[in-house]
Protein chains: 2
Amino acid sequence: MRDEVDDLVEAWGRERGDLDLAPVEVFSRISRLARHLDLARRDAFTAHGIESWEFDVLAALRRAGTPYELSPGRLLRETLVTSGTMTNRVDRLTARGLVERLPDPKDRRGVLVRLTAEGKAAVDGAFEALLAAEADLLADLPEKQRTQLAGLLRSLLAPFS
Amino acid sequence: MRDEVDDLVEAWGRERGDLDLAPVEVFSRISRLARHLDLARRDAFTAHGIESWEFDVLAALRRAGTPYELSPGRLLRETLVTSGTMTNRVDRLTARGLVERLPDPKDRRGVLVRLTAEGKAAVDGAFEALLAAEADLLADLPEKQRTQLAGLLRSLLAPFS
DNA sequence: TGTGAATATCTCGACATCAAGACACTTCGC
DNA sequence: GCGAAGTGTCTTGATGTCGAGATATTCACA
């Protein structure tokens, strides 16, 4: 079975046969899979009427557990965006009624963002759709190999944490 | 060895113990690795005075082989951006002297984008730096496992091609 | 050869993001 | 307690990308 990266490596090999292209075999596939995955996510979420960035924020709140509240600062660290972006996102999610802003009782500088009942329903539905779509992509991979893959990826990712 | 995704899966497991989170173990790691890799790429390229988007375009031309010419249309398919974006990118690369635009002798609607000598030197240097940085990230992974990982990723990616 | 569909590129307006700075409140040391 | 440094959030301006539309040329076919 051949993929796009085989072509990529072949082309580079023709032009730069002096280089060891082994890293490309791994990292180029990771980048491309991430791009395809983004599109698959987008599709899965569209069916549930939410966008990827909305899911990122709602999912962080959902994972926090009841009462589903986090500060904007915490949210931006979870989702790796800047504060200006998070302000904008919370604005739009508030306008859609999926979250609400409340003053932080412990710190009068601060604000808490809380999932509404609709927000919780939306994120739960979207997450199930995402898992289903992802499970499809993995359907051809036997469980043993899937576990092996997860383990290898973990060993690459762990140094960053 | 534990990574960020172990935490993520643990949090979801607390909240949604009813769901099979196996896909997250694979795809969330792929997404996160892609993000970290982007940053590593950025760093490697910065040392060579070019940006990631510049590399994407220059590398497509470089891989095409002499005379290092491709049409804007071909470039946008290679790099997965829209035509408006490619026009803008070619403008900026032309301003930097890394590529030049020439009329397509075969099709008077068309244009060819050609790598200049400086462009070729820039992309070759940047690619070597990228390979070195990526090799570092793989340093702890024995060759056998690296090959195994590449193969597993290929089997996920191939269906998209 | 002429006509309409397809193709190739560029232009333009909208928009999400980032980065830097402003503002309010809190915390810590004296 | 008082002042300075730190923290948390929001505002603002710049920028890169997308998407739709405009223009020019080529292609298919009658």
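Numbers restart at 1 for each chain; the letters A, B, ... are given by sequence-line order, proteins then strands.
- Atom pair B/L93:CG and D/dG16:P shows a separation of 12 Å (rounding to whole Å applied).
- Distance CZ/A/R101 to CG/A/L112: 11.5 Å, rounded to 0.5 Å.
- Atom pair B/L75:CG and D/dT17:P shows a separation of 14 Å (rounding to whole Å applied).
- Distance CD (B/E69) to P (C/dA8): 17 Å, rounded to an integer number of Å.
- Contact annotation: A/T87 reaches the phosphate of D/dC10 (side-chain N/O to OP1 or OP2, under 4.0 Å).
- In this entry the distance linking CG of B/L76 with C1' of C/dT9 reads 9 Å, nearest Å.
- Listed nucleotides: D/dG19, C/dA20, C/dC10. Nearest to the side chain of A/S83: C/dA20.
- Taking only distance into account, the side chain of B/R109 meets the base of C/dT7 through a donor-acceptor pair shorter than 3.5 Å.
- Within the 4.0 angstrom heavy-atom criterion, only backbone atoms of the sugar-phosphate kind lie near A/G73; the bases stay farther away.
- Taking only side-chain atoms of B/W53, from C-beta outward, the nucleotide of C/dC25, D/dT17, C/dA19 with the closest atom is D/dT17.
- For C/dT26, one of the phosphate oxygens OP1 or OP2 lies less than 4.0 angstrom from a side-chain nitrogen or oxygen of A/R108.
- Note on A/R92: a side-chain N or O is less than 4.0 Å away from OP1 or OP2 of C/dT17.
- For the side chain to side chain donor-acceptor pair (under 3.5 Å) condition, the pairs that include at least one residue of residues 127-140 of chain A, sequence neighbours left out, are A/E128-B/R16.
- Contact annotation: A/R101 reaches the phosphate of D/dC10 (side-chain N/O to OP1 or OP2, under 4.0 Å).
- Put simply, A/T85 has a side-chain N or O that comes within less than 4.0 Å of OP1 or OP2 on C/dC18.
- A straight line from CG of B/D91 to C1' of D/dG16 spans 13 Å, rounded to a whole angstrom.
- Taking atom CZ of A/R89 as the reference point, atom P of D/dC10 lies 15 Å away to the nearest angstrom.
- Separating the CZ atom of A/R77 from the P atom of D/dT9 is a distance of 8 Å, rounded to the nearest angstrom.
- Nearest nucleotide to the B/V111 side chain, out of D/dG8, D/dT9, C/dT9: C/dT9.
- One atom, CG of A/D107, and another, P of C/dA24, lie 15 Å apart when rounded to the nearest Å.
- For B/R42 and B/T46, the side-chain atoms include no donor-acceptor pair closer than 3.5 Å.
- Of the two residues contacting DNA chain C, namely A/N88 and B/M86, the nearest-nucleotide position lying further toward the 5' end is that of B/M86.
- At least one donor-acceptor pair under 3.5 Å links the side chain of B/R29 to the backbone N or O of B/E25.
- At least one donor-acceptor pair under 3.5 Å links the side chain of A/E54 to the backbone N or O of A/E51.
- In this structure, A/D104 reaches neither bases nor backbone, as no heavy-atom distance under 4.0 Å exists between it and the strands shown.
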